[in-house]
Each structure stands twice: as structure tokens, then as C-alpha cells.
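Side chains included, hydrogens not; waters and symmetry mates left out as well; all remaining heavy atoms used.
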Amino acid sequence: MIQATDPSVESTGRSNHPGHALPDRGLISWVKRQKGLIVAATSLIAIFTHLVLRFVVRADVATCNYPLLATIVVCGLPLVWGLLKKMWRREFGSDLLGGVSIVTSFVMGEYLAGSIIVLMLSGGEALESYALRSASSVLAALAKRIPSGAHRKTAAGIVDVPLHEVAVGDTLVIYPHDICPVDGVVIEGHGSMDESYLTGEPFEITKTTGSPVISGAINNDSSLTIRTTQLAADSRYAKIMEVMRESEQTRPHLRRLGDKLGAVYTPVAIVLALFAWALSGEALRFLSVLVIATPCPLLIGIPIAIIGSISLCARRAIIVKNPLALEQISSCRIGIFDKTGTLTYGEPKLTDQIVAPGFVQRDVLALAASLELYSRHPLGLAIVAQAKAEGLPPLETHKSVRHPARGSAVS
């Protein structure tokens, strides 16, 4: 990833060019990002160990409960603390009932029930984090495309230099099929570039002297010489990577359906649990109602639905930048699209031909294709492509003239 301090550094903390090492983010940062997954895996292992000790080893009750007790203390209490902080902010979500169940099961010595609630809460959090990471996976793939260096043209010849050493006004050579490393202007050469990764437009953009080029565009078959107009850190590609980094650092909090109902559902469930305790005289009934009332489908089902939606969109070439949009889309009434390349392929095709009486369809197509053979208009290219598909050779021409906005003339 291009960063303001060093344009050759990726978001992973690794250097893109040799000999330029940077320290890794460290184990603590990784643990914070994977906290939900670690807690879920730990509680699952503890529950499995408890079952093995109880039904296979036939150990005593105290020994069997050690893994569960450790899970509630080490993993459950931080979850409860996080829920308390949400309560302080007056956020009463569906997971609050799970926190009450964890505390109750710990007090009553029902460690298995508490560990299962810990697994549900952490599992939902892990799936939610995975959904957020999946949302930026396509942008993360873009970060891997940025070149690590550039070919600088000097009086002594062409020298390969690290990207962060490229200055404004440098002369760079873009070899065929190279990715343009910085923004600039063509000063020598004639060719075309594929800018679809950056603009979404599926056309090859012709480049000649004076044409602007943008970082991240893929050069085609001709070498181009450019003069840089921006530092690598200020180029178009760098701005895209900056957006990606900001979205990773300020990930949205997914509002689950249960969170919207939590302010009513949680107090009602606690009142019912107290009522069951009062009628039966057994505190265990209080815990039973809380565990049953904990909305497991809401804690886990919604993140799974979001992951499935993001994956389905990705398979259809739709990038979901913010998963929160998936929950808000039901309230949308107006959609605005960039048509070309989004709703259409941007490549016209000849599908039907209406021929005047007295003319043969293949002869008309051959004449039209011959007329459009030297045109670069998308509609002309579609006619030529259809003629080739039907095996119609172009007629011999001697002179071709293009009149802007009035078509072509061939003789």
C-alpha cells in the first residue's frame, strides 16, 4: 500500500522494494483483530475437553469443570465488561441477555451453560469481523498490484529506482504491459492503457504526446515515456489505497436486528426469568429462562447472512464497501448507477439486422463492415466483429475519410 510517509509500504507493514524493511504490526495488533475468533476457538476447545473428561476419562466433577471455569474467567469476563460499557452508552442489544446469562451461570456454578453462551457471543463477533474483512477483499487485491519501482530515464540510460525515490518532473519509461507507477503526462510514444481497475470504464484509452496517465493503469503493447506530475504518495492509486486504509481503521458497527429490539426484549426476558424463579423457588429456573431466551439465531445468523450476501455480490462483480449498506438497502427508494461497465458491458454487439427490400443481408453487412473497417467507434467495431463472425471478408478499399459526427466515407 502507498502511504504518505513511504509510498512503497503496503498495509501489511512489509516493504515493496528490497532492502527497505519495516517492523511488523506485532502480535498484539493481530490478537485484537482476531479476538472474536480466538475466544470462540478457546471456548469450543474447553467445551470439548470438558466432554472428554466427563464421558471418556470419567474424571471427577471439579476436574471436568476446570476448562469451563477457565473459559468463563478468561474469555467470558472480557465479553461481559464490553457489554457493561455498551450499557453505559445506553446501547441495549440482544447480546446483553447473553452477558447476564454468563454472570448468572458463573455464580450458580453452571459453567457448561456459561461456556456455550461465550461461544455464541464470540462466534457472532468473529463472523461479523470476517464479514467486514471480506467487504474490503477486492480493494486489498488492488493494493497488491502497485509496482515497487519505476524505470527512470537519465542521461546515462534507464535506471530502476524504488518508487519512493521518484520525484515530480522525473522522466519515466513505461514498458509494455507494465503498471503505471505514478501520475504523469506522456512526452514520447503512442499507445493505449487499460484504466478499468480505476475508472470502471472497460475501454482502452489511447495515449499520445500530451495525454495524462494515472497510476495503476495497465500499459498495452507500446512503450511510453512520461513526465511525472505527482509524487507516488499523491497519485490516483495512492488515494484509492488511502480510502481502503481508512475504511479498515474505522470499520462500522453492524446493527443487528436483535439490537433494535434489545431495549424491549432484554428487560422482558429478565422479568420472565425472575417470575419463573419466584414461582418455582429455584434459582436454576432463572438461569434456564435466560439461556433459552438468549437469541442465538440473531447473534450468529445475521453475520452469516451478511457474509453470504457479500460473497454472492463478489461472485457477480459487485463490491460491497460497507456491510452496513446491506441492512439499510430495504429502506432505499432511489438507486443511481454509472451505466457503462455497471449495468452494461460497454461492448456493443450487433444482434439484429433490418434490410430494405431488394437487398441481401450478408451483402449489406459486408458493405457496412468495409465502411467501418477503419473506424474506432464502438458501434463500428461491433459491425466489423459480426462480419468476421459470419466469415465475410472486407471489400478492397483505397481511401478512407472520417468526418466527425457525420460518419465515414470509403472509396
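- Residues passing the side-chain contact (heavy atoms from CB on, under 4.5 Å) test with Q361, sequence neighbours excluded: Q353, V355, L365, E390.
- I174 is listed as a side-chain neighbour of M193, based on a closest heavy-atom distance under 4.5 Å.
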As a quick check of understanding, evaluate side chain to side chain contact (heavy atoms under 4.5 Å, CB included) for Q386 and T351, giving each step before the final call. CA-CA 9 Å; Q386 183 63 27; T351 58; over 6 Å; no
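- With a 4.5 Å cut-off on side-chain heavy atoms, L367 and L395 count as touching.
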Verdict with supporting geometry, T104 and V100, side chain to side chain contact (heavy atoms under 4.5 Å, CB included): CA-CA 6 Å; T104 305; V100 177; 4.0 Å; yes
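- Side chain to side chain, S215 and D183 meet the donor-acceptor criterion of an N or O pair below 3.5 Å.
- Within the 4.5 Å cutoff, no side-chain heavy atoms of V168 are placed close to those of T229.
- Counting only heavy atoms from C-beta outward, the side chains of F106 and L69 approach each other to under 4.5 Å.
- The structure places OH of Y175 at 14.5 Å from OG of S222, a figure rounded to the nearest 0.5 Å.
- The two residues T208 and V186 make their nearest non-hydrogen contact at O-CB, 3.2 Å.
- The distance from the NZ atom of K153 to the OG1 atom of T171 is 7.5 Å, given to the nearest 0.5 Å.
- Taking every heavy atom of both residues into account, C180 and I214 meet most closely at CB-O, 3.5 Å.
- Note: Y111 OH to Y66 OH = 10.0 Å, rounded to the nearest 0.5 Å.
- Checking N219, N220, L224, V185 one by one against K207, the side-chain contact (heavy atoms from CB on, under 4.5 Å) holds for a single residue, L224.
- Closest approach of S101 and L290 over heavy atoms only: OG-CB, 3.4 Å.
- T228 places a side-chain heavy atom less than 4.5 Å from the side chain of V166.
- Taking CD1 of I72 as the start and CD of E110 as the end, the distance is 9.5 Å to the nearest 0.5 Å.
- More than 12 heavy-atom neighbours from other residues, nucleotides or ligands sit within 6.0 angstrom of CG on L77.
- In this structure a side-chain-to-backbone donor-acceptor pair under 3.5 Å is missing from D363 to V360.
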Determine whether I158 and R152 satisfy the following criterion, side chain to side chain contact (heavy atoms under 4.5 Å, CB included), listing intermediate values before the conclusion. CA-CA 5 Å; I158 298 176; R152 180 190 286 164; over 6 Å; no
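- Here the closest heavy-atom approach between residue P394 and residue L373 is recorded as CB-CD2, 4.0 Å.
- In this structure, the separation between CD1 on I383 and OG on S370 is 11.0 Å, given to the nearest 0.5 Å.
- Of the possible donor and acceptor atoms, one in the side chain of T42 sits under 3.5 Å from a partner among the backbone N and O of I38.
- L121 and G98 get closest at one heavy-atom pair: CD1-C, 4.1 Å.
- For the pair L284/S288, a side-chain contact is recorded, criterion being any heavy-atom separation below 4.5 Å from C-beta on.
- Residues H151 and D178 meet the side-chain proximity criterion, which asks for heavy atoms closer than 4.5 Å.
- Listed for the T71 side chain is no donor-acceptor partner under 3.5 Å among the backbone atoms of S115.
- I117 CD1 to S122 OG: the interatomic distance, rounded to the nearest 0.5 Å, is 10.5 Å.
- Between A40 and S43, the shortest heavy-atom distance links the atoms O-OG, 2.9 Å.
- Contact check for L68 versus I47: side-chain heavy atoms found under the 4.5 Å cut-off.
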